[in-house]
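Numbers restart at 1 for each chain; the letters A, B, ... are given by sequence-line order, proteins then strands.
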2 protein chains.
Amino acid sequence: MLISLSNAASFLKEKDNFTIITHAHPDGDTLGSGIGLCLALRALGKKANVINDEEIPPKFRYLEIEPQEFEEETVVAVDIADVTLMGKGIRAKYESGVDLSIDHHGSNKLFAKMNYIDASAAAAAQIVYELIGLLGVEITPQIADRLYTGISTDTGCFRYANVTPDTHRVAAKLMECGADAAKINVRMFETKTRTYAALERLALDSMQFFYDGKCALITITRDMFAQSGSDENECDGIAAISRQIEGVLVGVTMRERRDGTYKASVRSHDPVNASAICAKLGGGGHPNAAGCQLPGTREEATKLLIDTIGEFI
Amino acid sequence: MLISLSNAASFLKEKDNFTIITHAHPDGDTLGSGIGLCLALRALGKKANVINDEEIPPKFRYLEIEPQEFEEETVVAVDIADVTLMGKGIRAKYESGVDLSIDHHGSNKLFAKMNYIDASAAAAAQIVYELIGLLGVEITPQIADRLYTGISTDTGCFRYANVTPDTHRVAAKLMECGADAAKINVRMFETKTRTYAALERLALDSMQFFYDGKCALITITRDMFAQSGSDENECDGIAAISRQIEGVLVGVTMRERRDGTYKASVRSHDPVNASAICAKLGGGGHPNAAGCQLPGTREEATKLLIDTIGEFI
């Protein structure tokens with residue numbers, strides 16, 4: 001059932017003993033919006049915890065808060081578009097037991113009993129900001145830091161097409177409530193681990209161009225992971241690099257898996273459709289960001305991928 | 001003389017035939033605020049041009065507008081803190097002839113007859129937004145794109161400590177007036193020339209660490225410029241890289257000049273003071289971003305610089 005935001009607020013005010021669940025591979029928005037909401041519920045005198053299925057990545061640990069002890073009665077999901085995006089443990093326990101889902105993905109599968117979905121919000125944290133207003137809770141600096149983190153990380157620091165005038169207005173309010181925006185941004189956007197920096201260097205060294213510079217390919221081998229001390233978890237940033245080169249319409253990152261086959265992340269600029277390229281290879285995704293698995297050796301995988309891209313540019 | 005923004009608006013309303021001057025090595029803010037103001041003055045039925053001392057860098061050419069023909073009567077400076085920051089030709093002609101200066105640098109030398117300085121504004125374009133409001137001119141999409149460019153480029157896309165709640169509020173208004181924020185941000189922040197990407201790769205290859213990883217050094221030689229096809233104009237982005245590595249307190253980029261000596265850009269995190277380091281070597285700058293010239297060969301320059309940094313960490 002779809003409900004209004006004020007109905008969601010009324011529901012939260014009536015209930016108590018909340019478990020707020022976040023999605024697998026937790027990011028700044030699921031954690032920021034979940035923990036921000038948790039703090040607001042606690043400010044109303046309620047018991048509330050946020051749970052994740054895996055350890056919180058070191059870069060997001062500043063968002064964490066102490067858990068409380070209580071017997072769970074109400075389950076809220078934040079920033080989870082589908083039960084398949086829950087971690088295994090959370091899915092096993094909560095797949096059909098979510099009371100209220102708060103999300104900003106237009107693709108949300110409405111898996112909860114009650115769902116509030118606003119696809120125009122750049123981040124779940126932008127919705128939670130409005131929701132906390134309806135709860136009548138004052139936004140403390142602690143809450144503001146968490147919601148700001150959600151918004152800034154989901155928008156590439158106000159860079160992406162999902163940013164609306166409201167996104168900026170909420171950011172302004174959160175700064176006034178005490179969000180330490182500059183410090184959060186340094187941590188989120190201006191800090192690289194040494195292992196990531198080493199991997200990035202090897203990735204740049206591997207870059208090849210095809211089709212008059214319209215396609216750029218980065219290849220990351222197991223050997224490069226070993227050499228840099230980095231791993232798959234640090235690959236997300238790399239995928240963005242090749243598309244940034246002037247003239248490149250399709251930027252691809254191929255990454256070797258443990259079994260020696262390759263996984264490709266494809267990023268494109270309009271009018272090239274990354275999702276169509278990956279669909280032809282058995283994968284899928286969004287129009288400008290998609291992925292697929294590739295069979296064969298590095299040489300075979302490269303040839304298949306580059307030939308397929310050639311049909312689209 | 002310091003004046004209020006409404007006095008500045010009255011002055012602009014009274015006068016006509018404007019030349020708006022911008023600073024040397026023009027960036028998004030001097031161009032965006034200058035051209036935005038120029039369009040607003042033209043909307044009032046006045047004649048106005050923006051002039052630069054050198055060619056506008058390719059990445060900013062989308063800001064350009066057609067010049068008008070008229071005899072210059074009034075000179076306005078935007079985003080220029082001091083006459084030494086004017087290009088040679090502009091300085092020769094306008095050093096003592098600026099009627100009104102609009103700026104956001106606290107260090108502004110008040111070189112104009114009338115000066116409006118707001119050091120709390122993240123960008124000159126943020127001031128020009130308020131000024132255009134006082135002029136009673138509607139912000140067209142064309143003006144909005146230019147002011148948004150000024151604000152986003154001077155704040156690292158809302159990332160830096162100079163961003164205030166007002167900066168976000170102005171960005172929200174500019175988007176509502178038609179600024180194509182996402183497109184501008186791709187152009188400003190998600191696009192690298194191939195020559196820059198090649199230089200960046202060589203720069204990363206050159207990175208060395210000192211003092212338990214607290215200092216990172218990138219060295220760019222003439223040979224690397226030749227190899228990459230890049231040049232000094234593309235070095236700005238490189239200077240930010242070394243400080244981004246986790247654990248690094250001082251990130252340094254040394255760049256070989258035509259005469260074989262080196263110039264250093266020093267970036268620091270608190271509490272290390274980059275300006276104090278550079279002052280000891282005869283240079284200067286801001287607390288977290290400073291520069292200096294170094295005598296001697298690459299080896300001599302490196303030793304002098306690293307030894308000096310050692311005294312500060």
Side-chain angles (χ1 to χ4, degrees), chain A residues 58-59 151-152 155-177 179-198 200-207 209 213 216 240-248 267 269-270, chain B residues 58-59 151-152 155-177 179-198 200-207 209 213 216 240-248 267 269-270:
Chain A
K59 73 181 286 195
I151 292 173
S152 74
T155 59
C157 208
F158 306 95
R159 206 184 266 197
Y160 302 152
N162 61 351
V163 173
T164 65
D166 277 341
T167 315
H168 279 293
R169 273 194 205 97
V170 172
K173 295 275 192 190
L174 292 172
M175 289 182 74
E176 282 169 342
C177 293
D180 197 345
K183 198 168 159 190
I184 291 168
N185 292 334
V186 165
R187 190 190 275 259
M188 294 295 107
F189 303 107
E190 300 270 335
T191 308
K192 298 175 180 180
T193 62
R194 268 181 79 159
T195 52
Y196 175 81
E200 190 181 43
R201 197 194 113 192
L202 295 170
L204 284 173
D205 281 348
S206 82
M207 190 148 58
F209 292 93
I241 295 175
S242 52
R243 186 182 53 181
Q244 289 177 0
I245 313 283
E246 207 171 30
V248 169
R267 301 282 182 275
H269 286 300
D270 291 333
Chain B
K59 73 183 285 195
I151 291 173
S152 75
T155 59
C157 209
F158 307 95
R159 206 184 266 197
Y160 302 151
N162 60 351
V163 173
T164 65
D166 276 342
T167 314
H168 279 294
R169 274 193 205 98
V170 172
K173 295 276 191 189
L174 292 172
M175 287 182 75
E176 282 169 342
C177 293
D180 196 346
K183 197 166 158 192
I184 291 169
N185 292 335
V186 166
R187 190 190 276 258
M188 293 295 106
F189 304 107
E190 301 269 336
T191 308
K192 297 174 179 179
T193 62
R194 268 181 80 160
T195 52
Y196 174 81
E200 190 182 44
R201 196 194 114 193
L202 295 170
L204 284 173
D205 281 347
S206 82
M207 189 147 59
F209 292 92
I241 295 176
S242 52
R243 186 182 53 180
Q244 289 178 358
I245 313 283
E246 206 171 29
V248 169
R267 300 282 183 275
H269 285 300
D270 291 333

On the 0 to 90° scale, with breaks at 30° and 60°, tag the H168(A)-H168(B) ring pair as parallel, tilted or perpendicular.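 Tilted: the ring planes of H168(A) and H168(B) meet at 30° to 60°.
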Separation between OG1 of T155(A) and CZ of F158(B), rounded to the nearest 0.5 Å: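 Those atoms lie 10.0 Å apart.
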CZ of R159(A) to OG of S152(A): how many Å apart, nearest 0.5 Å?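 Reported value, rounded in 0.5 Å steps: 11.5 Å.
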Heavy-atom side-chain proximity of F189(B) to C157(A) below 4.5 angstrom: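 They are not in contact (no side-chain heavy atoms under 4.5 Å apart), so the answer is no.
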Contact leader toward chain B among [options], where contacts are heavy-atom pairs under 4.5 Å:
options: R194(A), K173(A), E246(A); value: R194(A)
options: P165(A), A182(A), A240(A); value: P165(A)
options: L204(A), N162(A), V186(A); value: L204(A)
options: T191(A), I184(A), L174(A), V163(A); value: T191(A)

Select one option (side chain, backbone, both, neither) describing which atoms of V170(B) are under 4.5 Å from chain A's heavy atoms.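 Contact with chain A is absent: no heavy atom of V170(B) under 4.5 Å.
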Y196(B) versus chain A, heavy atoms under 4.5 Å apart: side chain, backbone, both or neither?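 Nothing of Y196(B), per the 4.5 Å heavy-atom cut-off to chain A.
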Between [options], the one whose heavy-atom pairs under 4.5 Å with chain A are most numerous:
options: H269(B), E200(B), M175(B); value: M175(B)
options: A181(B), A171(B), G156(B), A197(B); value: A171(B)
options: M207(B), R201(B), R243(B); value: R201(B)

What side chain to side chain donor-acceptor pair (under 3.5 Å) pairs are there with at least one residue in residues 179-189 of chain B, not counting sequence neighbours?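 Listed once each, the pairs are Y148(B)-N185(B).
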Applying side-chain contact (heavy atoms from CB on, under 4.5 Å), can you list everything that pairs with T164(B), at least two apart in sequence or on another chain?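 Checked T164(B) against side-chain contact (heavy atoms from CB on, under 4.5 Å); matches are Q126(B), D166(B), T167(B).
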Does any heavy atom of chain B fall under 4.5 Å from the side chain of V248(A), the backbone, both, or neither of them?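 Contact with chain B is absent: no heavy atom of V248(A) under 4.5 Å.
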Should the pair R267(A)-E190(B) be classified as a salt bridge under the 4.0 Å nitrogen-to-oxygen rule?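 Answer for the salt bridge query: no.
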